[in-house]
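One structure below.
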Amino acid sequence: QVQLVESGGGLVQAGGSARLSCLASGRTFSGYIMGWFRRAPGKEREFVAAINRSGSSTYYAGSVKGRFTISRDNAKNTVYLQMNSLKPEDTAGYYCAAGYRPTPEDMRLKGADYWGQGTQVTVSS
């Protein structure tokens, strides 16, 4: 199986930035898409961003497009989510995800096969 561990969450003021990291270990597949989802209290899980194995293709939710950037360092088995211009509505638990999907956009539609435990991001106004 695949183990995913997130880090980097915390308290951030509106307009500020944060960077989340996801360290992957265990079994790996070249076809895995890596991504991030989030869930706010009382809300359904929401897709945030995804990236393919080579890093050549990314896909973002419209609510974060232009503010968030997903990237990966395959040598470190790590996926990052750089979050800029944070808004209070970005407050949520953020979950790293891995899935055997054909494209990053497909992760938005189909979800993932493996999930991290989540890291909380709280944005104050």
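One-based numbering along the sequence shown.
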Quiz item: For V121, which residues count as a side chain to side chain contact (heavy atoms under 4.5 Å, CB included) partner, sequence neighbours excluded?
Solution: L20, M83, Y94, V123

Quiz item: Who are the side chain to side chain contact (heavy atoms under 4.5 Å, CB included) partners of S71, not counting sequence neighbours?
Solution: Y80

Quiz prompt | Pairwise disulfide (SG to SG under 2.5 Å) hits with a residue in residues 73-125, at least two apart | solution = C22-C96

Please report the shortest heavy-atom distance between [X] and [Y], naming the atom on each side.
X	Y	result
A49	L81	CB-CD1, 4.3 Å
A112	A98	CB-O, 3.4 Å
S17	S85	OG-N, 4.4 Å

Close side-chain approach of [X] to [Y], heavy-atom, < 4.5 Å:
X	Y	value
L4	L23	no
N52	P104	yes
Y60	V48	no
E105	S57	no

Quiz item: Please, which pairs that meet side chain to side chain donor-acceptor pair (under 3.5 Å) have at least one residue in residues 1-16, sequence neighbours excluded?
Solution: Q1-Y114, E6-Q117

Working to the nearest 0.5 Å, report the span between [atom1] of [X] and [atom2] of [Y].
X	Y	atom1	atom2	answer
E46	R39	CD	CZ	12.5 Å
T91	L86	OG1	CG	8.5 Å
I51	T103	CD1	OG1	13.0 Å
W36	I70	CH2	CD1	8.0 Å
R101	M34	CZ	CE	12.5 Å
T78	D73	OG1	CG	6.5 Å

Quiz item: Taking the hydrophobic residues Ile, Leu, Val, Met, Phe, Trp and Tyr, and joining any pair whose side-chain heavy atoms are under 4.5 Å apart, which ones share a cluster with W115?
Solution: I33, F37, F47, Y59, Y95, M107

Exercise. Could you tell me whether the side chain of R72 and the main chain of R53 form a donor-acceptor pair under 3.5 Å?
Key: yes

Quiz prompt | Listed once per pair and sorted, the salt bridge (charged side-chain N to carboxylate O under 4.0 Å, His left out) pairs that draw on residues 85-100, sequence neighbours left out | solution = R38-D90, R67-D90

